[in-house]
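Remarks on the structure that follows.
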Amino acid sequence: MELTARERAILRLLGEGHTDGVVAERLGISLRTIAYTMRSLMDRLGVENRFQLGLVLGAAEAGEPAGSEPPE
């Protein structure tokens with residue numbers, strides 16, 4: 001999945017533990033833009049919440065298909 005530079009920046013800062021407000025301030029964008037971007041990502045990946053989004057993106061980063069079982 002291709003991510004825009006803005007999506008990558010938002011995800012990186014959120015992944016570092018920053019709040020939406022801090023991310024918005026650091027990137028010079030609104031809180032609504034953060035919410036819109038996150039909803040867009042969740043819709044594109046077919047997930048319902050940010051936790052699921054993190055799991056899917058983490059699996060993609062690790063090169064595993066989302067929802068795959070780890071080897072035994």
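Within the model, atoms CG of Leu41 and OG1 of Thr4 stand 7.5 Å from one another, a figure rounded to the nearest 0.5 Å. The structure places OG1 of Thr19 at 9.5 Å from CD1 of Ile34, a figure rounded to the nearest 0.5 Å. Within the model, atoms CG of Leu14 and CG of Asp20 stand 5.5 Å from one another, a figure rounded to the nearest 0.5 Å.
Of all the heavy atoms in Val23 and His18, the pair that sits closest is CG2-CB, 3.9 Å. Listed here is the closest heavy atom pair of Glu7 and Arg44: OE2-NH1, 2.6 Å. Across all non-hydrogen atoms, the minimal contact from Met38 to Leu53 is CE-CD2, 3.5 Å. Between Leu31 and Ala24, the shortest heavy-atom contact is N-CB, 4.1 Å. Scanning all heavy atoms of the two residues, the minimum distance from Met42 to Asn49 falls at SD-C, 3.4 Å.
Hydrophobic cluster membership differs between Leu11 and Tyr36, with clusters built from Ile, Leu, Val, Met, Phe, Trp and Tyr side chains linked at under 4.5 angstrom.
Side-chain atoms of Thr37 come within 3.5 Å of backbone N or O of Thr33 as a donor-acceptor pair.
In the displayed structure, Arg39 atom CZ is contacted under 6.0 Å by more than 12 heavy atoms of other residues, nucleotides or ligands. Annotation: Glu25, atom CD; neighbour count of heavy atoms from other residues, nucleotides and ligands within 6.0 Å does not exceed 12.
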- Message: Before you tell me yes or no, could you show the steps for Val22 and Leu13 under side-chain contact (heavy atoms from CB on, under 4.5 Å), namely the whole-Å CA-CA distance, both residues' side-chain angles and the distance that decides it to 0.1 Å?
- Response: CA-CA 9 Å; Val22 170; Leu13 289 169; over 6 Å; no
